[in-house]
Amino acid sequence: MVTKLSIVIFLWAIGSASATAAPSSKPSSQPSSQPSSQPSSQPSESPSSQPSSMPSESPSEQPSSMPSEQPSSMPSESPSEQPSGMPSESPSEQPSSMPSEQPSSMPSESPSEQPSSMPSESPSEQPSSTPSEQPSSMPSESPSEQPSSMPSEQPSSMPSESPSEQPSSMPSEQPSSMPSSSPSELPSCTPSQAPTPSPSIYLFYPDYESSGYDQGCLNDGNQPSYMDANPTNYLFSTLDKCCSQHFTWNYESCMGTLDQTCARALWYPDWAGSNTGCLRDGNEPLYMTQNPTVYLYNTKADCCNEFYYYDYTTCIGSTSSSSGTSYYADWLGDDTCKNDGGAPSYMVQNPTLWLYDTLTECCAAHYAWKSNECLGTTTTPSGLYYPDWSGDNEGCLNDGNEPAYMTQYSTLWMHATLQSCCDEHYSWNLSLCLGSSGSSGSNKWYMDWNENKCVQDCTGASPCSGLAETWDLVYDTQDKCCTERMWWDTNECKA
């Protein structure tokens, strides 16, 4: 008997056979709730155990043969059209936001932890294995295979095969091929074209053995042992530092920059310039440099005498050794202002700073603290009192012999009365300061512990016992004094 159920099963079997020619031998245990409307003609042999809940709307036409084991949770919105055939085994955790358009075919095995924000447009084909920490902003087009750690600014085209271990700081332009084996201990101030390099290098030190304006700095290695023991204060690598530290008052002479000193630069005739004198700016023509004994001189006077003898005065200019009638401070002589023409050469070389037209200007600039003595004038005593600190230092005087600085600042040091001066400057010893000219006392009472009784603040017979000191407490009556100061035996206090 054919039932309706049998007919339904039969019809389902016929429709199923027409839709699937070869059904899967291993159907999915979790079939999709939304099957594809266009199933693949070549289904995967190993379908994913966890299919994507959001499959791509445009799947790749050439899927990778080696899919990532850990696919990105945030896939690129614009994937590469030519993905790498050898993807990195350890992809970067912080990929660049601006990837290179021409990635390297041989990526670094140890990439930088801090890549440049501005990579080179033409990277080197042979990068250094030990790159510089501070690369040059203008690299060489043909770098050396063995670069120097201290390159020369003007390297020689024919370097020496055996360079010196201690090269000279001022090498000769034409060194001798046969240097002397016994160089002079007192070399010339105008050296030969071919000087012998010094066998040793010494630091500059202050030469206190010389006197007056001849003092300066030397570097002959003969400094005293106490200077060797304290190099910070006494030994210097440059002449300028030594002169600046120890001879500021004689700096020009120490540096050898005065006309008559052995200078670091030599004088030459200025024939190519104004042709009225000699210069020492280091710009002499080459032929003069090549013939120094003919054209270069240690002092301006020698140069002028040789080449401008016919107008020596114009050549020597204002560098005359005399200060004329100008006033200067004679610190190394009488310690006052003079105008005898004997100013030191460094003052003559800088007259704006050191020379004055009048005695008053010189004294005001350098001897204001003893202006009267410098000017050679005397003043009428003012009658004012001043503290006698330079004398016995026991009180105030009004003899007119106060120091100039007290006169100059009279509001600070001068007083109309002895009492005012003593109160201001000798309050700790007021009685001695006031002396016989002081007051006769307050007639009040104070405790005299030497006598163990209260005595009166006055001079004369008992009960006066001299003037009270500033620290003594005074009372109107003896009873009050004894009650306050010696209450345990007021009878003895009053005796």
Side-chain angles (χ1 to χ4, degrees), residues 208 210-215 246-254 258 318-439 470:
Y208 295 132
S210 300
S211 60
Y213 297 106
D214 292 330
Q215 288 185 334
H246 295 280
F247 299 105
T248 54
W249 57 272
N250 196 28
Y251 179 81
E252 290 84 357
S253 178
C254 179
L258 295 181
S318 61
T319 59
S320 171
S321 60
S322 173
S323 55
T325 58
S326 297
Y327 288 89
Y328 68 96
D330 183 25
W331 289 313
L332 298 182
D334 297 331
D335 200 22
T336 189
C337 287
K338 292 183 177 181
N339 67 336
D340 57 4
S345 54
Y346 74 90
M347 292 185 179
V348 177
Q349 296 298 319
N350 195 355
T352 304
L353 182 61
W354 303 111
L355 302 183
Y356 302 88
D357 293 332
T358 66
L359 178 63
T360 301
E361 291 176 330
C362 181
C363 291
H366 301 291
Y367 296 103
W369 53 276
K370 58 172 188 176
S371 179
N372 291 337
E373 181 180 344
C374 179
L375 293 170
T377 59
T378 58
T379 58
T380 303
S382 63
L384 299 178
Y385 289 89
Y386 67 92
D388 183 29
W389 290 326
S390 59
D392 295 333
N393 197 24
E394 294 179 348
C396 295
L397 301 176
N398 66 341
D399 56 7
N401 293 324
E402 63 272 8
Y405 72 89
M406 291 186 179
T407 302
Q408 187 174 4
Y409 300 99
S410 58
T411 56
L412 295 177
W413 313 112
M414 309 299 290
H415 300 267
T417 66
L418 177 63
Q419 184 72 45
S420 174
C421 182
C422 291
D423 288 341
E424 179 71 20
H425 303 291
Y426 292 98
S427 59
W428 50 272
N429 195 16
L430 192 60
S431 297
L432 184 59
C433 178
L434 292 172
S436 60
S437 299
S439 66
T470 56

Inset, instruction - Mark yes or no for whether Tyr327, through its side chain, and Cys337, through its backbone, hold a donor-acceptor pair below 3.5 Å. - result: no
Legend entry - Within-4.5 Å side-chain heavy-atom neighbours: Ser371 and Leu375: yes
Legend entry - side chain to side chain contact (heavy atoms under 4.5 Å, CB included) between Tyr426 and Asn393, intermediate numbers included: CA-CA 9 Å; Tyr426 292 98; Asn393 197 24; 2.8 Å; yes
Legend entry - Separation between NE2 of His415 and OG of Ser420, rounded to the nearest 0.5 Å: 5.0 Å
Inset, instruction - Please name the pair of heavy atoms, one in Leu355 and one in Ser326, separated by the smallest distance, quoted to 0.1 Å. - result: CB-CB, 3.9 Å
Legend entry - Met414 side, atom CE; Met406 side, atom CE - distance, nearest 0.5 Å: 8.0 Å
Legend entry - Nearest non-hydrogen partners of Cys254 and Phe247, listed with the distance: SG-CD1, 3.9 Å
Legend entry - Side-chain touch Cys433/Cys396, heavy atoms, less than 4.5 angstrom: yes
Inset, instruction - Enter the distance from Tyr405:OH to Leu412:CG here, rounded to the nearest 0.5 Å. - result: 10.5 Å
Please list every donor-acceptor pair under 3.5 Å in which a side-chain atom of residues 384-392 meets a protein atom from a residue at least two apart or in another chain.
| residue | atom | partner | partner atom | Å |
| --- | --- | --- | --- | --- |
| Tyr386 | OH | Asp399 | OD1 | 2.6 |
| Asp388 | OD1 | Gly391 | N | 3.2 |
| Asp388 | OD2 | Asp392 | N | 3.3 |

Inset, instruction - Please confirm whether Tyr356 and His366 have ring centers closer than 6.0 angstrom. - result: yes
Legend entry - Approximate separation, where rounding is to 0.5 Å, of Asp357 CG and Cys362 SG: 11.0 Å
Inset, instruction - Sort and list the pairs that fulfil salt bridge (Lys or Arg N to Asp or Glu O under 4.0 Å) and have at least one residue in residues 337-346, not counting sequence neighbours. - result: Asp330-Lys338, Asp334-Lys338
Legend entry - For Ala329 against Met347, the heavy-atom pair lying closest together: O-CE, 3.5 Å
Legend entry - Between CG on residue Leu418 and CG on residue Asn398, distance to nearest 0.5 Å: 8.0 Å
Legend entry - Approximate separation, where rounding is to 0.5 Å, of Tyr367 OH and Asp335 CG: 4.0 Å
Legend entry - Listed partners of Tyr208 passing side chain to side chain donor-acceptor pair (under 3.5 Å), at least two apart: His246
